[in-house]
Amino acid sequence: MNQPARALSPVPSPANARSAMERIATELGRAVQGKPTQLQLVVTSLVAGGHVLLEDVPGVGKTTLAEALAKACGLSFARIQFTADLMPSDVLGAQVFHAQTATFQFRPGPLFRQLVLADELNRAPPRTQSALLEAMAQGQVSLDGATHALPVPFAVVATQNPVDFSGTYPLPDSQLDRFMVRMSLGHPTPEVEAGLLVTRDGTPPLDAVSTVSGPEELASVRAFAAALRLDASVADYVVRLATATRSHGDLDRGASTRAVLALGAAARANALWDARDFVTPGDVRAVLVPCWSHRVLLRSAVQGVSARDEAAHLLEEIARKVPAPR
């Protein structure tokens, strides 16, 4: 049953920040059941100021997750279905001529929402993909010499199908770097799936989600996370991990400096799940694979193993070999 929105707690404190994150994750769990780890990662990325790339087969709840996230956080929402004929102006907006005043006025596109679902991003042509990804990186849209700021907070959840690539435009490796995490929901367990058959009565799952946060609280939690203490020893650990990827024999390209910064931001947000005001090596390892698996480039494919799984395997191997500070 949909519950009334709770009064928003003031942030900052580690306990208040964790409370806000737990409230959001709990509501997501009402719509997408049996995926607590993945939902926690989505909230972590949102708090870290990142964008999420969901790679999964159809029908596992990607769209529901994005809509539930917007509803739980009280954010304005838009879904953009990416297709082969989608133009950049369909996403960003355009200058429209007004005959009465003989002037052009900017008409914002669907990107001007606080949470945007970019559905099947790889089905749009490169120009449209690039326009979206540049806006994500810069937090603004530039058209005809004018700059238009995107809403704050602003986040994108993009999806793509990892199986059916017919008629698609795979995202360039350099563009994948715009996403803080890449992840998969996967199918629910047989127990969860059977439970859905028994309990689902036709009511949309989003009806079970309540608004338990708001843009102001989310912005406050973000600012608090960004200011968490990350000691020099942990920073050195992150850099040594990056260095190890750059010299690994099975990787053609290691983690970039942007990847290092993204990992630090995600680790800070992860620390809040334990209501800590400092980052540990465990926080770094917790988000290492989803943060970097799409940012490193394999030297060659391994037969029978997806690139994503192989990159994850190599990163886990590196994490085991690089000593963590005590």
Side-chain angles (χ1 to χ4, degrees), residues 14-15 17-18 21 25 36-53 55 173-174 176-184 186 221-222 224-302 305-326:
R18 179 177 67 177
M21 294 166 69
T37 302
Q38 291 89 338
L39 300 185
Q40 182 169 311
L41 181 59
V42 168
V43 177
T44 300
S45 179
L46 183 68
V47 168
H51 308 289
V52 176
L53 178 60
E55 283 188 338
D173 293 323
S174 58
L176 283 173
D177 206 29
R178 309 296 186 191
F179 292 96
M180 176 165 281
V181 299
R182 180 180 66 174
M183 56 177 286
S184 169
V221 175
R222 279 185 167 189
F224 186 73
L228 287 192
R229 180 160 53 90
L230 192 152
D231 283 344
S233 62
V234 179
D236 176 68
Y237 177 54
V238 173
V239 172
R240 283 188 288 113
L241 288 169
T243 303
T245 66
R246 295 163 189 165
S247 59
H248 197 287
D250 292 334
L251 293 176
D252 196 40
R253 188 187 64 215
S256 66
T257 300
R258 181 155 49 191
V260 168
L261 297 176
L263 182 60
R268 282 185 164 97
N270 193 75
L272 290 174
W273 290 109
D274 290 333
R276 280 185 275 102
D277 62 357
F278 60 92
V279 179
T280 69
D283 294 316
V284 174
R285 287 193 296 269
V287 293
L288 175 65
V289 170
C291 258
W292 281 6
S293 64
H294 57 297
R295 290 183 160 103
V296 297
L297 184 63
L298 299 175
R299 193 173 295 279
S300 60
V302 178
V305 181
S306 73
R308 182 174 62 185
D309 291 343
E310 178 61 13
H313 171 74
L314 292 176
L315 288 171
E316 288 165 353
E317 174 190 290
I318 289 171
R320 286 193 297 271
K321 291 182 177 178
V322 175
R326 297 181 181 277

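All values derive from a computational prediction rather than experimental measurement. Hydrogens, waters and symmetry mates play no part in the numbers below; they use all other heavy atoms, side chains included.
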*Are any non-hydrogen side-chain atoms of L230 and V238 less than 4.5 angstrom apart?*
no
_Sub-4.5 Å side-chain heavy-atom contact between L263 and V284_ = yes
_Just so I know, are the side chains of V52 and M183 near enough to count as touching, which here means a heavy-atom distance under 4.5 Å?_
yes
*What are the two closest non-hydrogen atoms of D277 and P14, and how far apart are they?*
CB-CG, 4.0 Å
*Would you call D177 and S256 a side-chain contact if the rule is heavy atoms closer than 4.5 Å?*
yes
*Residue pair L46 / V42, side-chain heavy-atom distance below 4.5 Å*: no
*Assess whether side chain to side chain contact (heavy atoms under 4.5 Å, CB included) is satisfied between L272 and M21, documenting all intermediate values.*
CA-CA 8 Å; L272 290 174; M21 294 166 69; 3.6 Å; yes
*Would V181 and F179 count as a side chain to side chain contact (heavy atoms under 4.5 Å, CB included) if you check the C-alpha gap in whole Å, the side-chain angles of each, and the deciding distance to 0.1 Å?*
CA-CA 6 Å; V181 299; F179 292 96; over 6 Å; no
*Do you know which two heavy atoms are closest between V322 and R240, and how far apart they sit?*
CG1-NH1, 3.3 Å
*So, are R268 and D283 salt-bridged, with charged N and O less than 4.0 Å apart?*
no
_Note, L314 side chain near H248 side chain (heavy atom, < 4.5 Å)_ = yes
_D250 bridged to R299 by N-O distance under 4.0 Å_ = no
*A48 to A265 - nearest heavy-atom pair and separation*: CB-O, 3.6 Å
*CG/L241 to CG/L288 distance, rounded to the nearest 0.5 angstrom?*
6.0 Å
_Could you report the tightest heavy-atom contact between L176 and H294, atom names first, then the distance?_
O-CD2, 3.2 Å
*Does any non-hydrogen side-chain atom of F224 lie less than 4.5 Å from one of V47?*
no
*Does T245 use its side chain to pair, donor to acceptor, with the backbone of A255 at less than 3.5 Å?*
yes
*Can you check whether N270's main-chain N or O pairs, donor with acceptor, with R276's side chain at less than 3.5 Å?*
no
*Side-chain contact, heavy-atom cut-off 4.5 Å: W292 with V287?*
no
*To the nearest 0.5 angstrom, please state how far the CG atom of D252 sits from the CG atom of L298.*
9.0 Å
*Is it true that a side-chain atom of R182 and a backbone atom of L53 form a donor plus acceptor pair closer than 3.5 Å?*
no
*asked:* Taking E316's backbone N and O only, do any of them form a donor-acceptor pair with R285's side chain (distance below 3.5 Å, no angle check)?
replied: no
*Over all heavy atoms of both residues, which pair between Q38 and S184 is shortest? Give the atoms and the distance, please.*
CG-O, 3.5 Å
*asked:* I need the minimum non-hydrogen distance between A262 and R295, along with the two atoms involved.
replied: CB-NH2, 3.7 Å
*Step-by-step side chain to side chain contact (heavy atoms under 4.5 Å, CB included) determination, E55 to R308*: CA-CA 10 Å; E55 283 188 338; R308 182 174 62 185; 3.4 Å; yes
*So, S45 side chain and L41 main chain: donor-acceptor pair closer than 3.5 Å or not?*
no
